[in-house]
> 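Take a look at this one; I'll ask things after.
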Amino acid sequence: MHNRRQLARRCAFLAAFALLAAPVAPSIAADGITRGGTTFEGANTRYLLGGDWLFRLDPGDVGLAQNFQYQEAADGWTPTTVPNAWNAGDDSPPSMTGTVGWYRKDFRLPDTRSTMDWIVRFESVNYRAEIWLNGKRVGRHTGAFLPFELRLTNRALRRDGVNRLVVRVDNRRGPGDFPPSGFSSAGDPTGGWWNYGGLLREVYLRRVDKLDIANVLVRPRLTCAKCPASVLTRVNVRSFARRKTRVSVSGTFGDRRLRFKTKTVGGGRSGVFDAKVKLRRPRLWSPAHPRLYGVRLTVRAGGRKVQSYKLRTGVRSLKITGGRLRLNGKLVHLRGTGLHEDDKQVGFALDNARRWALVAQAKELGATVIRAHYPLHPQIHELADRRGLLVWSEVPVYNLKTSQLKRSVVRRLAVKQVEQNVIANRNHPSVFVWSIANELSSRPGPAQHSYIRRSAKRAKRLDPTRPVGLAINGYPAAGCRGQYGPLDIIGVNNYFGWYPGPNNQLLDRNGLGPYLDQVRKCYRRKAIIVTEFGAEANRAGSVAEKGTFEFQQDFVRFHLAVYASKPWLSGALYWALREFRVRPGWAGGNPLPSPPFHTKGLLHFDGAKKPAWFDAQANFKATNQLGR
Ligand code: GCU
């Protein structure tokens with residue numbers, strides 16, 4: 001009896017596996033594979049893995065992804081496309097809490113030569129991903145908003161015929177994740193924005209012919225606005241060859257030729273190639289004049305061209321002197337807005353058009369700076385470079401409890417987030433600060449101090465040209481904090497006259513001015529930027545009633561008038577540009593809220609303008625933001 005049952009189980013498993021091993025074979029174009037990508041930057045050997053994907057939820061799969069056994073369901077798959085947020089539009093608590101979903105993609109390799117190696121690249125998966133190719137595990141990853149790559153081994157790859165890529169995505173997060181999540185005392189899921197699950201940004205295949213440009217750094221140095229600039233271009237080339245290879249790199253920066261030394265790179269090793277150019281009269285980048293330089297690179301293996309890479313970057317100088325931020329030597333008074341890559345229909349799975357719209361709205365508002373709580377989509381960075389928007393670039397170390405920060409593994413992973421953000425986004429002239437967190441405890445202890453020290457050190461080692469910052473709760477009672485010593489910029493989230501704050505210290509909005517003066521005194525040598533101020537508005541009504549358009553208008557005017565009276569303030573960003581989904585039960589200080597929506601936006605979720613939009617726009621346009 002026992003053997004018969006064993007035999008039946010083995011047959012069932014093999015049948016499932018056979019289903020896996022021999023899927024139907026559609027043609028490549030029909031596979032939705034297109035050469036290139038949604039961004040300008042990248043190698044000429046990348047392919048967008050678009051077109052038809054399949055998706056299925058797996059609420060029954062409660063197991064955490066420890067050595068998860070691969071078993072593929074035969075049915076329950078529905079067609080989808082990627083990027084995808086499977087729970088966009090589902091505003092229920094379980095949707096916010098998260099679950100497990102599976103993605104499946106059949107494709108044929110665009111190039112079947114056996115000499116080619118292949119990499120799969122995910123731009124952003126929320127939150128824990130497990131990846132298989134043709135039933136063989138190729139890797140896993142934890143964390144969203146930053147890209148990761150996995151090599152597709154020969155063992156897994158099918159050169160002729162159809163490959164099946166399967167991704168298990170678990171968007172349940174814990175208290176030590178980025179951002180953290182948990183439950184309120186009422187049992188509601190917590191979080192500062194909706195926990196969209198899925199392949200939230202593009203997926204690529206990358207072909208490697210012996211050598212791969214693993215990373216490019218373009219670092220302009222400009223000692224003063226009228227000085228010549230020197231530009232270092234550093235190319236990290238990884239060899240996929242077994243034996244050593246004679247590698248040569250060539251390229252251009254604008255119309256200037258880049259000269260790299262040819263080197264021999266060992267099999268499976270990497271080589272770093274540097275070239276420097278001097279620009280006598282550089283064309284400087286600023287939001288008013290977003291001048292860019294094209295960079296083109298080519299790698300040859302033993303003289304044979306195997307890959308090329310292109311990007312655009314800009315030259316500008318960023319300095320903090322006497323507690324003031326200078327861009328290209330000029331003192332700035334930036335005005336801008338925070339935002340989420342959120343959309344009512346598709347959630348965080350924005351497409352090009354929606355990303356364009358977001359940047360266009362910020363420009364129309366008269367903003368020179370934008371901020372998000374996580375690294376923005378690469379295309380938004382490129383649009384900010386091209387359209388002229390500075391980017392406060394932050395990692396989702398968001399409202400992390402001190403009890404979590406006390407765990408060395410959490411601190412280490414948070415520092416890793418900062419590192420990966422710098423490496424992913426340092427070539428964008430738009431990025432002007434590396435922000436290591438948002439609203440950690442306003443009374444930092446040793447754990448937070450250690451995190452601030454280590455993440456600032458890491459960011460500066462990787463990029464000595466940009467300041468490091470942190471967004472804090474603007475609480476007067478917090479006083480001056482020596483633990484912020486390693487930072488260059490203090491971002492202050494200001495809600496005077498909106499939230500009461502601990503012990504009602506924010507209740508009276510007239511406390512705003514004196515509080516800012518206190519911050520100025522505390523951190524004389526650091527630049528101060530108001531990283532958030534905002535008021536919910538979802539109805540018309542009295543100016544005295546919180547939650548009305550009229551109250552929001554008055555709030556915006558008041559705050560901007562106070563900021564205009566602080567000439568030493570380097571910037572102020574309204575929170576937020578547009579409405580977005582937060583969580584079930586969100587009130588955000590509004591007595592008549594519209595949960596789960598955050599309605600502090602100057603734009604409704606569909607982009608319609610609220611009255612306060614025009615007040616902010618008029619002020620932003622009248623402010624000399626970029627100095628004389
Ligand atoms: C915080 C937080 C935001 C949040 C805002 C608010 O400051 O950083 O993510 O949306 O408060 O309460 O509106």
Side-chain angles (χ1 to χ4, degrees), residues 96 144-145 173 177-182 184 188-196 336-342 348 369-376 392-401 433 435-442 469-476 478 489-502 505-507 509 512 515 519 529-538 546-547 551-552 555-556 559 571-605 610 612 616:
M96 178 72 184
F145 308 113
R173 290 195 308 261
D177 289 332
F178 310 120
S181 74
S184 68
D188 286 323
T190 57
W193 57 90
W194 200 266
N195 180 22
Y196 292 112
T337 182
L339 51 84
H340 272 291
E341 293 183 5
D342 198 359
F348 274 18
V369 55
I370 55 174
R371 167 178 177 253
H373 286 309
Y374 39 79
L376 288 161
W392 172 289
S393 183
E394 190 164 284
V395 290
V397 180
Y398 176 91
N399 300 29
L400 196 67
K401 293 209 168 28
V433 55
S435 175
I436 61 170
N438 179 72
E439 295 188 357
L440 302 177
S441 159
S442 54
L470 167 72
I472 65 171
N473 279 304
Y475 296 153
I489 299 186
I490 306 282
V492 183
N493 295 351
N494 255 331
Y495 286 97
F496 277 83
W498 180 254
Y499 289 122
Q505 58 187 293
L506 306 180
L507 212 52
R509 69 182 188 180
L512 173 61
Y515 167 65
V519 173
I529 291 183
V530 170
T531 30
E532 289 181 29
F533 68 104
E536 307 265 335
N538 58 355
K546 281 188 176 175
F551 184 101
Q552 186 188 45
F555 177 94
V556 166
H559 272 249
L573 289 79
Y574 182 82
W575 182 260
L577 174 67
R578 204 162 71 182
E579 296 183 345
F580 58 92
R581 276 191 187 86
V582 189
R583 61 174 183 259
W586 170 261
N590 186 345
L592 296 175
S594 332
F597 301 111
H598 186 284
T599 62
K600 291 188 176 73
L602 296 171
L603 298 172
H604 289 279
F605 211 162
K610 297 181 186 178

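Both ligands and their constituent atoms are indexed starting at 1 by order of listing.
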> With a 4.0 Å cut-off on heavy atoms, is Trp586 touching ligand 1?
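Yes; Trp586 lies near enough to ligand 1 that a heavy-atom distance drops under 4.0 Å.
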
> Between His340, Glu536, Glu532, which one has a non-hydrogen atom sitting closest to atom 8 (O) of ligand 1?
Glu532

> Which atoms of ligand 1 are found less than 4.0 Å from any heavy atom of His373?
3 (C), 8 (O), 9 (O)

> What distance separates Asn590 CG from Asn538 CG, expressed to the nearest 0.5 Å?
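Reported to 0.5 Å precision, the distance equals 4.5 Å.
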
> Please state which protein non-hydrogen atom is closest to atom 4 (C) of ligand 1 and give its distance, to 0.1 Å?
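Closest protein heavy atom to atom 4 (C) of ligand 1: Trp575 NE1, 3.6 Å.
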
> For His598, take its heavy atoms, then give the atoms of ligand 1 lying under 4.0 Å from any of them.
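Numbered from 1, ligand 1 contributes 6 (C), 10 (O), 13 (O).
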
> For Lys600, is at least one N or O under 3.5 Å away from an N or O on ligand 1?
yes

> Using only atom types and a distance under 3.5 Å, with no angle test, would you say the side chain of Thr337 pairs donor to acceptor with the backbone of Leu577?
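Present.
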
> Charged N to carboxylate O under 4.0 angstrom, Lys546 versus Glu536?
no

> Which of the numbered atoms in ligand 1 are below 4.0 angstrom from a heavy atom of Asn493?
7 (O), 8 (O)

> What I want to know is whether Asn399 and ligand 1 share at least one N or O pair that is separated by under 3.5 angstrom.
no

> Is it the case that the side chains of Asn494 and Arg509 hold a donor-acceptor pair, with the cut-off being a distance below 3.5 Å and no angle test?
no

> Is it true that Trp193 lies under 4.0 Å from ligand 1, counting heavy atoms only?
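No.
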
> Using 4.0 Å as the upper bound for N to carboxylate O, is an ion pair formed by Lys600 and Glu532?
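Salt bridge absent between Glu532 and Lys600.
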
> Does ligand 1 have a heavy atom under 4.0 Å from the side chain of Asn438, from its backbone, from both, or from neither?
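Looking at Asn438 and ligand 1, just side chain atoms fall under 4.0 Å.
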
> Where does the angle between the aromatic ring planes of Trp193 and His373 fall among parallel (under 30°), tilted (30 to 60°) and perpendicular (over 60°)?
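The rings of Trp193 and His373 lie parallel, inter-plane angle below 30°.
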
> Can you tell me which residue and heavy atom of the protein come closest to atom 7 (O) of ligand 1, and the distance to 0.1 Å?
Glu439 OE2, 2.4 Å

> Considering only heavy atoms of Tyr499, which atoms of ligand 1 have at least one such atom less than 4.0 Å away?
6 (C), 12 (O), 13 (O)

> Could you go through Tyr495 and Asn473, starting from their C-alpha distance and side-chain angles, then the distance that decides it, and tell me whether this counts as side chain to side chain donor-acceptor pair (under 3.5 Å)?
CA-CA 9 Å; Tyr495 286 97; Asn473 279 304; over 6 Å; no

> His340 vs Trp575 aromatic rings, parallel, tilted or perpendicular, using cut-offs 30° and 60°?
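Plane angle over 60°, so perpendicular.
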
